[in-house]
Trainee: 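Could you have a look at this structure, given as structure tokens, before my questions?
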Amino acid sequence: MALDDPFILAGKTYRSRLITGSGKYRSFEETRRATDAAGAEIVTVAVRRVNITDPGKENLLDHLPLDKFTILPNTAGCYTADDAVRTCRLAREAGVGTLVKLEVIGDEKTLFPDVTATIEAAKILVKDGFQVLPYVTDDPVACKKLEDIGCAAVMPLAAPIGSGLGIRNPYNLRIIIEQSHVPVIVDAGVGTASHAAEAMELGCDAILMNTAIAGAKDPILMAQAMRGAVEAGRWAFLAGRIPAKLYATASSPLDGLIR
Amino acid sequence: MMQVTVQVTVNDEPKRLPAGATVADLVATLALGPRRVAVEVNREIVTRATYAATVLHDGDTIEIIHFVGGG
């Protein structure tokens with residue numbers, strides 16, 4: 001692919017516009033194979049307690065080395081701004097950098113974000129030197145506020161985390177894309193390749209997904225499908241699609257028909 | 001009389017350490033290998049450079065985190 005179309009996030013240049021999660025895989029080995037099949041260069045991870053009675057021989061980062069991947073710690077499971085900030089600071093201390101995926105959950109059933117708490121945490125983290133990628137509702141006003149605070153991107157959801165419903169509000173996403181001066185990364189809700197292509201066709205800068213790949217019957221094949229879909233959607237967006245209209249326009253010339 | 005051990009809580013589990021044990025000693029006993037971890041004592045982050053100088057006291061609450069799969 002000769003098209004020069006780098007994805008720039010927090011001052012770093014990437015070739016891939018597909019960010020993958022590392023959750024729900026059967027093994028670290030499968031995590032790595034799916035990540036490679038997706039062509040992902042940025043991978044999310046969660047921050048959790050070490051099991052002190054049985055720490056285990058292997059660790060996730062043995063399979064996702066920092067010289068090959070940008071590791072993006074998340075604040076999954078945090079329900080308050082305080083917990084999210086604390087989690088980010090621990091992640092930074094563990095030595096994977098200052099890029100964080102901020103999520104402050106507001107509801108257990110939908111896992112929709114608590115937007116006020118997300119904004120509160122984002123303010124503290126930006127001031128503290130983090131490059132913050134906030135998971136947020138597909139709400140243009142919330143996205144604008146997060147951008148104004150100094151977040152490095154905004155990450156509106158397509159649908160609830162892990163739901164696989166696809167893009168529930170393409171019109172809001174279009175507004176967010178149009179107004180944003182930072183990358184717009186669709187985070188959560190994608191279920192299959194067409195959803196990923198659709199998000200990219202709308203003009204999103206990148207997509208973050210986990211369950212859609214890890215939960216597929218064949219995660220490696222789905223990772224490959226998502227890679228293709230993200231690329232195809234991106235190229236279609238750049239190419240500029242034809243306008244949709246109700247009636248036909250012939251593709252073949254009308255002149256020179258046999259009589 | 002000098003206290004011989006201290007009782008601390010690590011990730012919600014009780015742990016008894018020799019008196020004077022530091023964060024560096026604790027991390028060493030857990031055999032975590034070369035993995036990336038971060039440590040909090042009583043909700044304050046202890047930086048790697050100060051592990052050896054941070055002595056643990058009776059009743060300290062310690063959190064040790066690492067990275068696991070997540071989305």
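Each chain gets a letter, A, B and so on, in the order the sequences are listed, and its residues count up from 1.
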Trainee: Name the option with the most non-hydrogen atom pairs under 4.5 Å to chain B; the candidates are Ile71(A), Val45(A), Val43(A).
Mentor: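 Result: the option with the highest number of such pairs is Val45(A).
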Trainee: Do you know which two heavy atoms are closest between Ala46(A) and Gly69(B), and how far apart they sit?
Mentor: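 Looking at all heavy atoms of both residues, the shortest contact is CB-O, 3.9 Å.
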Trainee: Could I get the full list of salt bridge (charged side-chain N to carboxylate O under 4.0 Å, His left out) partners for Asp12(B), not counting sequence neighbours?
Mentor: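 Scan of Asp12(B) (salt bridge (charged side-chain N to carboxylate O under 4.0 Å, His left out), adjacent residues dropped) gives Arg49(A).
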Trainee: Quick check on the interface: out of Ala214(A), Gly162(A), Gly95(A), Ala188(A), who has the most heavy-atom pairs with chain B under 4.5 Å?
Mentor: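 Of the options given, most contacts go to Gly95(A).
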Trainee: Heavy atoms only, distances under 4.5 angstrom: which of Asp62(A), Val96(A), Ile19(A) has the most pairs with chain B? Name it, please.
Mentor: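 Maximum pair count with chain B is reached by Val96(A).
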Trainee: Quick one: what part of Ala91(A) sits under 4.5 Å from any heavy atom of chain B, side chain, backbone, both or neither?
Mentor: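 Both the backbone and the side chain of Ala91(A) come within 4.5 Å of chain B.
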Trainee: With a 3.5 Å distance limit and no angle check, can you tell me whether Asn59(A) reaches the backbone of Arg36(B) through a side-chain donor-acceptor pair?
Mentor: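 Judged by distance alone, no pair lies under 3.5 Å.
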Trainee: Grab the two heavy atoms, one from Lys101(A) and one from Gly71(B), that are nearest each other, plus how far apart they are.
Mentor: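 Between these two residues, the closest heavy atoms are NZ-O, 3.4 Å.
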Trainee: Side chain from CB out, backbone as N, CA, C, O: work out which of these in Leu66(A) comes under 4.5 Å of a heavy atom of chain B, or both, or neither.
Mentor: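 The side chain, not the backbone.
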Trainee: Among all residues two or more places apart in sequence or in another chain, which pass the salt bridge (charged side-chain N to carboxylate O under 4.0 Å, His left out) test with Asp36(A)?
Mentor: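 Expected list: Arg32(A).
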Trainee: Determine the option with the most heavy-atom pairs under 4.5 angstrom with chain B, choosing from Ala94(A), Gly23(A), Gly21(A).
Mentor: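 Between Ala94(A), Gly23(A), Gly21(A), the count favours Ala94(A).
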Trainee: Between Asn51(A), Leu64(A), Thr20(A), Asn74(A), which residue shows the highest count of heavy-atom pairs closer than 4.5 Å to chain B?
Mentor: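 The answer is Asn74(A).
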Trainee: Select one option (side chain, backbone, both, neither) describing which atoms of Leu30(B) are under 4.5 Å from chain A's heavy atoms.
Mentor: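 Both parts, backbone and side chain.
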Trainee: Please output the residues of residues 47-63 of chain B in contact with chain A, using a heavy-atom cutoff of under 4.5 Å, in numerical order.
Mentor: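 Against chain A, the residues of residues 47-63 of chain B that fall inside the cut-off (heavy atoms, under 4.5 Å) are Thr47(B), Arg48(B), Glu63(B).
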Trainee: Between Leu90(A) and Glu40(B), is any pair of side-chain heavy atoms under 4.5 Å apart?
Mentor: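 Yes - at least one pair of side-chain heavy atoms lies under 4.5 Å apart.
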Trainee: Looking at residues at least two apart in the chain, or sitting in another chain, which of them share a salt bridge (charged side-chain N to carboxylate O under 4.0 Å, His left out) with Glu29(A)?
Mentor: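 Scan of Glu29(A) (salt bridge (charged side-chain N to carboxylate O under 4.0 Å, His left out), adjacent residues dropped) gives Arg33(A).
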Trainee: When rounded to the nearest 0.5 angstrom, what distance separates CZ in Arg43(B) from CZ in Arg86(A)?
Mentor: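 Rounded to the nearest 0.5 Å, the CZ-CZ separation comes to 3.5 Å.
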Trainee: I need the residue from Thr31(A), Thr44(A), Val50(A) with the largest number of non-hydrogen atom pairs under 4.5 Å to chain B.
Mentor: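 Result: the option with the highest number of such pairs is Val50(A).
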Trainee: Could you measure the distance from the CZ atom of Phe67(B) to the CG atom of Leu61(A)? Nearest 0.5 Å is fine.
Mentor: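 Rounded to the nearest 0.5 Å, the CZ-CG separation comes to 6.5 Å.
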Trainee: Minimum heavy-atom separation for Asn11(B) to Ile52(A), with atom names?
Mentor: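 Taking every non-hydrogen atom into account, ND2-CG2, 3.8 Å.
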Trainee: For Pro55(A), does its backbone N or O pair with a side-chain atom of Arg35(B) as donor and acceptor, under 3.5 Å?
Mentor: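 Checked: pair present.
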